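Below, each value reflects all heavy atoms present in this structure, side chains not excepted, and no hydrogens, waters or symmetry copies. Since the model is a prediction, treat every value here as computed from it, not as a measurement. Sequence lines set the chain letters: A, B, ... in the order given, protein chains first and strands last, and positions in each chain run from 1.
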Amino acid sequence: MGINGLLPFVKKYSKECNLRIFSGQTAAIDASCWIHKALCVSIDRTGSRERLGGIFEAHLRIVKKSGLIPFVVFDGFALPEKASEHEGQQIAREKILKQAEKPDISKSEANKLQSRAASMTFEDIVVCINICLAHNVKYVVSPYETDAQIAHMLLNGHADFGITEDSDLLVYGCKKVMVKLNLSGDGEYFQLAEILGGLNLSQKQFQQMCIAAGCDYLTNVKGVGIHTAFRFVKHSTKDLLELLVKKGGSEYKNCFSKVETVFKHQTVFDLNTNSTVPLEKCEVDLSEDVQYLCGNKLADGYANDMAVGNINTKSGEKVNGYSNLVKDQATGEQSGHENSELIACTQLKGTEVLKGVILKDELANIQPGIFTCTSHCEIVINCEKYTVLWKLVPEKATSRRSVSSGSDPSVSNTLPDDYRLEDSEDLVQPIENIDHCLPFKVLGTYHTVDRQNVLERAFTYLEEHNRHVFAKIEAEPDNPYDKNAVMSSSDYEKVGYIAKELTQYVHPVLYDKSLDVSVKKIRFCTTYCMVGYYLTINISKKGLWDKQVISASKRVN
DNA sequence: CGGGCCTATAAAT
DNA sequence: TATAGGCCCG
């Protein structure tokens, strides 16, 4: 899905941030990723689609709670170029489903397999449209691809940024895109201008790079990935294109330019005129076969029915009687922190003093002192970097924290991730006084439905009630597999284990009073053979972690 | 011969 | 998504 390897390649131009910083703006949301996730969870847990609506609604609530105005975009007809790919997926699905029918497979395993094979139906879309209507949230069903539709909406001012799961939005020219959004509202934020600036490419070059790296419409030439594609567009001496042609056959060049056209001129729904238009206006009319690839235009009345959800996107038949798109409503509803002011404060991160800000209403609730920050994000004001400390938890009076100076009303006491251990000999005395915090991935969280349910509940606590979730680790000497096992719990129910290579380092400090365990993040994801939530915890202890632990931790993100 | 890049494949105390 | 193994190039 999307562009091969694009997101890792441009990650350095992104920043991690929370939805809240977009408070008041309109977000065009690619509904298919929510629906897909919701279907996976529902089928995995219940064997049916019954929970789709509820989970979709929960997502919507998060976005509204962050003070955003959601504009949900659903998938329409499949483009012909994608049809072949769909066939491949269909075969894979059937294979999985056959496996699920084998007699020696347990119910829960069967559910897991079936959830992997879940594909979105038009009925699923209808369920979600009804939820949008109930919440008075704007929505539109794209004539074809959601990505192109969102691009058009951003370009025409119907939304300020896009929320999606794949990288295609950037290729379509969306300027602001948020991906990997979790239900805490944290995600990765990309601005196209920064990527283009950083790579020093034009939009057209960027697009070509992406296509060459391999996209949904055209598989890449073997041996050519995002890096090679980058070199190809950068030094656009023709020889590399020749190379592509040589390796990919003359067919390839032909397809390449067709795909360029599909990204540029795909048929979308224009919310101003209520008719279908090309994403970017064509100078000359497209030839019939190219127009077909970009998605044929729809007759005006039909296009409008499509947009409101009256047309079954699989059959093309009119099946519903929704009237009009939800009108622009001045959502004066609760939008959290919209009217709050930010107050500057000192933030101490390890030995480093940074600039922090907290909400004015938060300030009313707290006394000067030492706090742990459990939720934060970075912002830039007048070119200065600040950390917004959303949530502060007071340190217990008996705290073992020894922030040596003691005078600063400081928060957060974790070391920056790039803290260097290699030179530790140079840091003679303060080490013993340092609390060294590292992220640990909790393994085995998908092992049982129970563990997943615990995590799901914890997740809801974080979101719905903004409640702190507790975490702890303890030895499990009776473990039949490994007597050194260190189990990890969330709200004191077992959810998984620390990687076994690391247990030897954790054991000596397990019952040390200075050990502090907290939830770093709970994330939902759907990957090979598993669907569900996973957990990352922070463990901080007095003194430095072993070198090996640090390098293992670097892999955790 | 080592590192960067691409591709295939699927885990865990 | 994560990672290991192979391939290609310097």
Side-chain angles (χ1 to χ4, degrees), chain A residues 1-11 33 36-37 40 88 92 95-96 99 108-109 112-113 115-117 164-167 179-182 187-188 209-210 212-215 219-232 234 239-240 243-244 246-248 439-452 455 472-490 493-507 510 521-537 539 551-557:
Chain A
M1 284 200 101
I3 307 300
N4 291 339
L6 180 61
L7 289 182
F9 185 67
V10 295
K11 188 179 164 86
C33 52
H36 183 74
K37 273 187 191 177
C40 287
K95 232 165 110 187
I96 291 172
Q99 259 186 59
S108 71
E109 277 173 87
K112 182 155 281 177
L113 287 166
S115 78
R116 282 189 53 206
T164 181
E165 282 295 282
D166 68 38
S167 44
V179 300
K180 295 185 190 162
L181 191 71
N182 65 22
E188 266 176 51
M209 172 181 81
C210 292
C215 63
T219 47
N220 58 324
V221 172
K222 224 177 166 72
V224 176
I226 191 80
H227 286 89
T228 314
F230 176 62
R231 266 174 269 141
F232 152 57
K234 191 81 174 189
D239 39 337
L240 267 159
L243 187 92
L244 288 182
K246 214 190 292 169
K247 283 193 179 174
F440 286 71
K441 193 164 161 180
V442 177
L443 305 173
T445 49
Y446 319 99
H447 194 64
T448 65
V449 176
D450 281 352
R451 292 185 194 174
Q452 282 292 301
L455 285 176
K472 75 170 178 184
I473 51 176
E474 62 187 305
E476 201 173 68
D478 297 335
N479 191 303
Y481 300 93
D482 179 1
K483 63 182 167 44
N484 289 318
V486 175
M487 121 186 149
S488 169
S489 0
S490 172
E493 288 195 64
K494 177 154 122 188
V495 291
Y497 294 87
I498 304 289
K500 72 162 174 254
E501 306 81 58
L502 299 182
T503 52
Q504 55 169 310
Y505 303 104
V506 177
H507 269 287
L510 253 190
K521 72 176 166 197
I522 303 175
R523 193 153 114 177
F524 180 82
C525 73
T526 51
T527 63
Y528 182 83
C529 252
M530 75 193 206
V531 176
Y533 301 89
Y534 75 77
L535 173 69
T536 311
I537 55 177
I539 307 182
S551 65
S553 174
K554 285 219 174 99
R555 293 166 170 255
V556 176
N557 65 58

* Are OP1 or OP2 of B/dT13 and a side-chain N or O of A/Thr503 less than 4.0 angstrom apart? -> no

* For residues A/Ile96 and A/Ala117, report the shortest heavy-atom separation together with the two atoms involved. => CG2-CB, 4.2 Å

* Structure fact -> A/Asp450 atom CG is separated from B/dT13 atom P, nearest whole Å, by 19 Å

* Identify whether any heavy atom of A/Lys494 sits under 4.0 Å from a base atom; if not, whether one sits that close to sugar-phosphate; answer base, sugar-phosphate or nothing. => nothing

* Asked: What integer distance in Å separates A/His36:NE2 from C/dT1:P?
  -> 13 Å

* To do: Counting heavy atoms from C-beta on, name the nucleotide in B/dA12, C/dT1, B/dC5 closest to the side chain of A/Leu443.
  => B/dA12

* **A/Lys11 NZ to C/dA2 C1', straight-line distance once rounded to whole Å** => 13 Å

* **Nearest-neighbour nucleotide for the A/Lys441 side chain, C/dA2, B/dC6, B/dT13 considered** => C/dA2

* Structure fact -> Closest non-hydrogen contact found for A/Ser167 with A/Ile3 is OG-N, 3.1 Å

* Asked: How long is the line joining CD of A/Glu474 and C1' of B/dT13, in whole Å?
  -> 14 Å

* To do: Please measure how far the C1' atom in B/dT13 lies from the corresponding atom in C/dA4, and state the result in whole Å.
  => 22 Å

* Asked: To the side chain of A/Lys180, which of C/dT1, B/dC6, C/dA2 is closest?
  -> C/dT1

* Would you indicate what A/Asn4 reaches in the nucleic acid, counting non-hydrogen atoms under 4.0 angstrom: base, sugar-phosphate, or nothing? => nothing

* To do: Between C/dG5 and B/dA12, how far apart are the P atoms? Round to whole Å, please.
  => 13 Å

* **Between P of C/dT1 and NZ of A/Lys37, the distance in whole Å** => 10 Å

* Structure fact -> note: A/Leu113, atom CG; B/dA10, atom P; distance rounded to Å ~ 14 Å

* Structure fact -> Considering only heavy side-chain atoms of A/Asn220, the closest of B/dC6, B/dT13, B/dT7 is B/dT7

* A/Leu455 versus A/Tyr533, closest heavy-atom pair with distance -> CD1-O, 3.6 Å

* Closest nucleotide of DNA chain B for A/Lys112 versus for A/Ala213: which of these residues is on the 5' side? -> A/Ala213

* Asked: When you measure from the side chain of A/Asn479, which nucleotide among B/dC5, B/dT13, B/dT7 comes out closest?
  -> B/dT13

* How long is the line joining CZ of A/Arg116 and C1' of B/dT9, in whole Å? -> 11 Å

* If only atom types and distance count, is the side chain of A/Gln452 paired as donor or acceptor with the main-chain N or O of A/Thr445 below 3.5 Å? -> yes

* Structure fact -> Smallest heavy-atom separation, A/Ala213 atom then A/Ala229 atom, equals N-CB, 4.0 Å

* Could you check which of C/dA2, B/dT13, B/dT7 has an atom nearest any side-chain atom of A/Tyr534? => C/dA2

* **Whole angstrom value for the distance that separates P of B/dT13 from CG of A/Leu535** => 16 Å

* Roughly how far apart, to the nearest Å, are C/dG6 and B/dA11 at atom C1'? -> 22 Å

